[in-house]
Amino acid sequence: MQVTRSQIFQFLCLLSCALTIETRYTPDWTSLDTRPLPEWYDEAKFGIFVHWGVFSVPAYGSEWFWWNWKGALELKYILYMIKNYPPGFSYADFAPDFHAEFFDPEEWADIFKASGAKYVVFTSKHHEGFTNWGSPNSWNWNSVDNGPHRDLVADLGAAIRRRSLHYGLYSTLYEWFNPLYLSDKQSGFKTQQFVEKKVMPELYNLVNRYKPDLIWSDGDWEAPDTYWNSTGFLSWLYNDSPVKDVVVTNDRWGAGCSCKHGGYYNCADKFTPKQLPNHKWEKCQSVDTQSWGYRRNMKLSDLMDIPTIIKDLVYVVALGGNYLLNVGPTADGTMAPVFEERLRGIGAWLQVNGEAIYATKPWRVQAENATVPVWYTSKYNTVYAIFTSNPMQNTFMLLAPKTSYNTVVTLLGNPEPLKWAPLQNSGLLIVLPDLPFTPAKAWTLKLDKVA
């Protein structure tokens with residue numbers, strides 16, 4: 001049978017059409033949960049979280065200042081206000097002092113780039129409802145009409161993207177004291193005024209205006225996803241939005257959704273699984289262990305040091321997660337030097353050891369108690385063994401890897417192959433060189449051609 005040129009052309013047209021047919025996601029979890037996670041996110045491994053808002057002005061206790069003062073009526077916050085502010089001073093009165101006069105997005109972006117992070121998630125709106133852009137649905141309670149009088153979301157986003165980092169936006173669903181939300185809550189969430197007039201218009205506005213690579217949803221726990229209309233928004237986001245092919249989302253889209261529905265799983269703040277999860281996940285952690293926003297009453301003992309951060313990062317990546325590390329800038333737009341020092345220290349370690357972090361996969365064994373604790377990652381035919389304390393001896397034993405005659409062992413940062421000997425069943429004994437000094441107190445062995 002002879003195939004004509006016309007038939008070949010028709011076949012190619014049909015093939016082309018078939019390849020361009022896009023998956024359409026319907027507004028239900030059965031469909032939405034089938035969406036593949038864009039590859040960039042799993043390969044990135046490390047990101048920076050930034051909490052910044054009106055709460056950075058009182059800078060006391062935590063970013064939940066307003067709620068602790070007026071919602072939970074915590075005594076120490078009430079006394080703080082009585083001691084430091086005149087009678088009748090309201091939370092809204094803090095906003096004009098959110099000057100951000102020293103905010104230099106290029107400087108921030110340089111620090112984030114130097115940290116080795118591959119993405120940044122910025123607070124577009126926290127539970128106080130103040131938006132860090134000129135939201136048309138937040139009159140005079142936004143950073144363009146009030147406080148800094150500039151579009152913080154846009155300014156930082158432009159600087160981040162100039163450094164080829166992915167830009168994500170945190171946005172809370174609920175707002176503590178918004179009258180529309182309180183009215184819906186009083187109805188048992190049978191009305192949706194807040195969702196229709198505030199939440200959804202702002203989410204659509206954020207996506208269309210700033211085209212974020214990631215949306216970090218929060219504030220979902222008081223009401224079900226049906227109240228928030230989360231599945232309707234996500235189906236638009238995945239099907240028709242300007243970021244439909246690249247955008248990544250988390251799992252905070254309604255009460256009961258965490259660790260069950262959405263993109264990757266946060267599960268809970270500072271989530272720390274004991275074993276390898278079966279779904280892509282992220283641990284969000286803060287350098288200041290007591291707060292996400294900046295605190296003037298922060299103490300050095302409250303802060304994670306560089307070795308602790310690196311141990312946390314390594315454990316998370318070995319168990320298949322991403323690590324999102326938070327810093328809180330001051331109200332004037334300054335990045336506290338202690339935060340900058342931590343971020344640059346992480347970057348210095350990643351310059352040498354990033355090969356064992358970025359774009360890696362969990363290995364068949366995630367950890368072992370060798371002479372010192374060891375965490376494993378892998379990439380193609382290479383296995384990385386990261387140890388987070390100095391074994392203080394010139395030999396090092398690994399039990400999990402299965403060697404061959406072709407196995408090569410090196411220490412990242414040192415190109416010379418290391419001497420090693422196989423153990424009886426599996427594992428190897430490695431002769432270590434003098435370990436170079438690193439404030440991170442962590443080193444990586446690269447094992448090529450092991451099983």
* **R163 and D110: CA distance, side-chain angles, deciding distance, salt bridge (charged side-chain N to carboxylate O under 4.0 Å, His left out) verdict** => CA-CA 8 Å; R163 286 150 183 84; D110 281 341; 2.8 Å; yes

* Asked: Just by distance, with hydrogens left out, do Y170 and S217 show a side-chain donor and acceptor under 3.5 Å apart?
  -> no

* Structure fact -> Sorted by chain and number, sequence neighbours left out, disulfide (SG to SG under 2.5 Å) with C259 holds for C267

* Asked: Heavy atoms, side chains only, cut-off 4.5 Å: are V338 and L303 in contact?
  -> yes

* Please check if the side chain of T330 supplies one atom and the backbone of T334 the other of a donor-acceptor pair under 3.5 Å. => yes

* To do: Could I get the full list of side-chain hydrogen bond (donor to acceptor under 3.5 Å, both in side chains) partners for T226, not counting sequence neighbours?
  => none

* Start with the C-alpha distance between K379 and E355, add both sets of side-chain angles, then the distance that settles salt bridge (charged side-chain N to carboxylate O under 4.0 Å, His left out), and finish with yes or no. => CA-CA 9 Å; K379 189 182 296 179; E355 179 184 337; 5.8 Å; no

* To do: Before accepting this row, confirm whether a basic side-chain N of the pair D155/R150 lies closer than 4.0 Å to the acidic partner's carboxylate O.
  => yes

* Asked: Any chance the side chains of T444 and N353 put a donor and an acceptor closer than 3.5 Å?
  -> yes

* To do: Please check if the side chain of S235 supplies one atom and the backbone of T231 the other of a donor-acceptor pair under 3.5 Å.
  => yes

* To do: Output the distance between atom CG (D225) and atom CG (D220), rounded to the nearest 0.5 Å.
  => 9.5 Å

* Side chains of Y210 and D151: donor-acceptor distance under 3.5 Å anywhere? -> yes

* Asked: Taking the side chain from N132 and the backbone from T123, do they hold a donor-acceptor pair closer than 3.5 Å?
  -> yes

* Asked: Cut-off 3.5 Å, side chains only: do T382 and D448 have a donor facing an acceptor?
  -> yes

* Asked: Can you name the closest pair of heavy atoms from L206 and S124 and give their distance?
  -> CD1-OG, 3.5 Å

* **Any side-chain donor near an acceptor of the partner, N142 and K125, under 3.5 Å** => no

* OH-CH2 distance between Y25 and W236, expressed to the nearest 0.5 angstrom -> 16.0 Å

* Go through the side-chain N and O atoms of S291 and E63 and say whether any donor and acceptor fall under 3.5 Å apart. => yes

* Look at the rings of Y323 and F46 and say which category their plane angle falls in: under 30° parallel, 30 to 60° tilted, over 60° perpendicular. => parallel

* Side chain W216, main chain V121, donor-acceptor under 3.5 Å -> no

* Check whether any side-chain N or O of T410 sits under 3.5 Å from a backbone N or O of L412 as a donor-acceptor pair, and report yes or no. => no

* Partners passing side-chain hydrogen bond (donor to acceptor under 3.5 Å, both in side chains) against N326 (at least two apart in sequence or in another chain) -> H51, S286

* Which class fits the ring pair H166 and W40: parallel under 30°, tilted 30 to 60°, perpendicular over 60°? -> parallel

* Structure fact -> On a heavy-atom basis, the closest approach of W52 and S56 is CD1-OG, 3.4 Å

* Look at the side chain of R295 and the backbone N and O of P58, then say whether any donor-acceptor pair between them is shorter than 3.5 Å. => no

* Under 3.5 Å: donor-acceptor pair, side chain of D104, backbone of E106 -> yes

* Asked: Between the main-chain N or O of G116 and the side-chain N or O of Y358, is there a donor-acceptor pair closer than 3.5 Å?
  -> yes

* H127-T172 side chain donor-acceptor pair, cut-off 3.5 Å -> yes

* **Where at least one partner belongs to residues 384-403, residue pairs that pass salt bridge (charged side-chain N to carboxylate O under 4.0 Å, His left out), sequence neighbours excluded** => none

* Asked: Are any non-hydrogen side-chain atoms of E74 and Y80 less than 4.5 angstrom apart?
  -> no

* To do: Classify the ring geometry between W176 and Y174 as parallel (under 30°), tilted (30 to 60°) or perpendicular (over 60°).
  => perpendicular

* Asked: For residues Y265 and E282, is any side-chain donor paired with an opposing acceptor at under 3.5 Å?
  -> no

* Asked: Less than 4.0 Å between a side-chain N and a carboxylate O, is that true for R342 and D288?
  -> no

* Find the distance between OH (Y60) and CG (N68) and round it off to the nearest 0.5 Å. => 10.0 Å

* Asked: Can you find a side-chain donor-acceptor pair between T272 and K283 that sits under 3.5 Å?
  -> yes

* Would you say S426's side chain and L399's backbone share a donor-acceptor pair under 3.5 angstrom? -> yes

* Residues that E222 engages under salt bridge (charged side-chain N to carboxylate O under 4.0 Å, His left out), provided they are two or more places apart -> K185

* To do: Measure the acute angle between the ring planes of Y376 and W363, then classify it against the limits of 30° and 60° as parallel, tilted or perpendicular.
  => tilted

* To do: Please list, chain by chain and in numerical order, all residues satisfying salt bridge (charged side-chain N to carboxylate O under 4.0 Å, His left out) with K118, sequence neighbours excluded.
  => none

* What orientation do W29 and H261 show, parallel under 30°, tilted 30 to 60°, or perpendicular over 60°? -> parallel

* Asked: Do the numbers put R161 on top of the ring of Y167, so that NZ or CZ is under 6.0 Å from the six-membered ring centre and no more than 45° off the axis?
  -> no

* Structure fact -> Smallest heavy-atom separation, G254 atom then W228 atom, equals CA-CD1, 3.9 Å

* Distance-only side-chain donor-acceptor flag, T26 / D28, under 3.5 Å -> yes

* Tell me whether the centres of the aromatic rings in W375 and Y384 are closer together than 6.0 Å. => no

